[in-house]
2 protein chains.
Amino acid sequence: MSENTDPTLTDQWLAQLQTSGYRLTQPLRVIVDILVNSPRALGPVELYDLGRKEYPRLGLVTVYRTLDKLEELGLVQRVHQIGGCHMYLRATQGHEHLLLCTRCGQVCYFKGDDLSALFNATAEASGFVIQEHWLQLYGLCANCQS
Amino acid sequence: MSENTDPTLTDQWLAQLQTSGYRLTQPLRVIVDILVNSPRALGPVELYDLGRKEYPRLGLVTVYRTLDKLEELGLVQRVHQIGGCHMYLRATQGHEHLLLCTRCGQVCYFKGDDLSALFNATAEASGFVIQEHWLQLYGLCANCQS
DNA sequence: GCCTATAATGAAACAGATTTTCATTTTCAA
DNA sequence: TTGAAAATGAAAATCTGTTTCATTATAGGC
């Protein structure tokens, strides 16, 4: 169901999994393929339903376990959306942030400004030591504006 | 258990609830009082436990329903933290953002810069119409740094 | 290419959080 | 004070996510 538009990235992920000591199994390949090619964040159950079209014996437990592996390696990240808190997506890199369509869920990766000036000022004013930040934008994608 | 340090805000919330057509019941008053005075985000079960100290007959279902009402009116907002995705907090206003202590959960509200330049650039580049944004900082509060 | 140790899988049981249902209680306007 | 309607709380039902364990599949050694 998911067209493999980017075999290279799929192969990269599989290579990294193998290097990290994981075995490349059929269920793993199916899940990786779907995630690499998904234009939007997917929840475990969605991923399970999509995966079973390719590999009917797939179990939901395997989906959870595979997501854990991929998250541990930094290949996917969890996204918190209004419609669900356990949605997974190809991970952002460096200063990339997410822009999500509130209607169809489509995800756009954008390079954010350097916000360190804001963070430093806030740290000083509050007495906190800042460890990490989280910036996400929500809106309507070009298709969903009509 | 929660000292009423700001009766005015509690009264404001209750007034807004009444104006919106909701009845002011004992369970509602207890829950509002706890939320207004909490220094950190609370989950439904925590709120339930705290609430029962003041009003032992309180039911968990009522906590859920009350949180829905308060969220609908924009008085509280859901916060997504590592330790839980269904935590509720007094809502931010205007350009306020959240700074959360990853150890004790203490919340600090800070006025963020105006990020509209970033948003406009992103909107233009992506074709999205941006509806809302989400900026949260995580760190250690002054007390938890030792 | 075949064997084998062991990692990975999937079914079922389990645990928790959230929602629904419905009889009873409480609020508030007349 | 009274009664219609909203709100409540107990119990049952749902939905997610986790644990357990017997079976299957992978990858390295031969």
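Numbered from 1 within each chain, the chains take letters A, B, ... in sequence-line order. Quick caveat: nothing in here was measured; it's all calculated off a predicted structure.
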The bend of the helix from C:dG1-D:dC30 to C:dA30-D:dT1, taken between the axes of its five terminal pairs at each end and rounded to 10°, is 40°
B:Tyr55 OH to D:dA7 P, in whole Å, measures 14 Å
With a 4.0 Å limit, can you tell me whether B:Lys69 has a side-chain N or O closer than that to the phosphate oxygens OP1/OP2 of D:dT8?
yes
Quiz item: Hey, are A:Arg90 and A:Glu96 close enough for a salt bridge, meaning a charged N less than 4.0 Å from a carboxylate O?
Solution: yes
Checking A:Glu72 against A:Tyr22: is there a side-chain donor and acceptor pair closer than 3.5 Å? yes
Looking at C:dT9, I'd like to know if its phosphate oxygens (OP1 or OP2) sit under 4.0 Å from a side-chain N or O belonging to A:Thr25. yes
Nearest heavy-atom approach of B:Val30 to B:Glu54 is CG1-CB, 3.9 Å
Check: Would a distance-only check, ignoring hydrogens and angles, find a side-chain to backbone donor-acceptor pair under 3.5 Å from A:Arg52 to A:Arg57?
Finding: no
Checklist entry - Do B:Trp134 and B:His97 make the cut of ring centroids closer than 6.0 angstrom? => result no
From the list A:Leu14, A:Thr8, A:Thr10, side chain to side chain contact (heavy atoms under 4.5 Å, CB included) with A:Val36 holds only for A:Thr10
CD1 of A:Ile34 to CZ of A:Arg29, rounded to nearest 0.5 Å, is 14.5 Å
Rounded to whole Å, CE of A:Met87 lies from C1' of D:dT16 at a distance of 14 Å
Check: Just checking A:Tyr48: base, sugar-phosphate only, or nothing, at a heavy-atom cut-off of under 4.0 Å?
Finding: nothing
- Ionic contact status for B:Arg40 with B:Glu46, cut-off 4.0 Å: yes
note: B:Leu24, atom CG; C:dA29, atom C1'; distance rounded to Å ~ 14 Å
One should read off an interatomic distance between B:Phe128 CZ and A:Cys101 SG, to the nearest 0.5 angstrom, of 5.5 Å
In numerical order, the residues of residues 56-64 of chain B whose heavy atoms come under 4.0 Å of DNA chain D are B:Arg57, B:Leu58, B:Gly59, B:Val61, B:Thr62
When rounded to whole Å, the CZ to P distance for the pair A:Arg78 and D:dG17 reads 8 Å
Are B:Tyr138 and A:His133 near enough that their ring centres are under 6.0 Å apart? no
Scanning both residues in full, the closest heavy-atom pair of B:Gln16 with B:Leu73 reads NE2-O, 3.5 Å
Against the side chain of A:His86, the closest entry in D:dT26, C:dG10, D:dG17 is D:dG17
When rounded to whole Å, the CG to C1' distance for the pair A:Asp49 and D:dC15 reads 14 Å
In numerical order, the residues of residues 16-23 of chain B whose heavy atoms come under 4.0 Å of DNA chain C are B:Gln18, B:Arg23
To the nearest angstrom, the CG-P distance between B:Leu14 and C:dC28 comes to 11 Å
Worksheet item: Do B:Arg65 side-chain and D:dG9 base share a donor-acceptor contact under 3.5 Å?
Response: yes
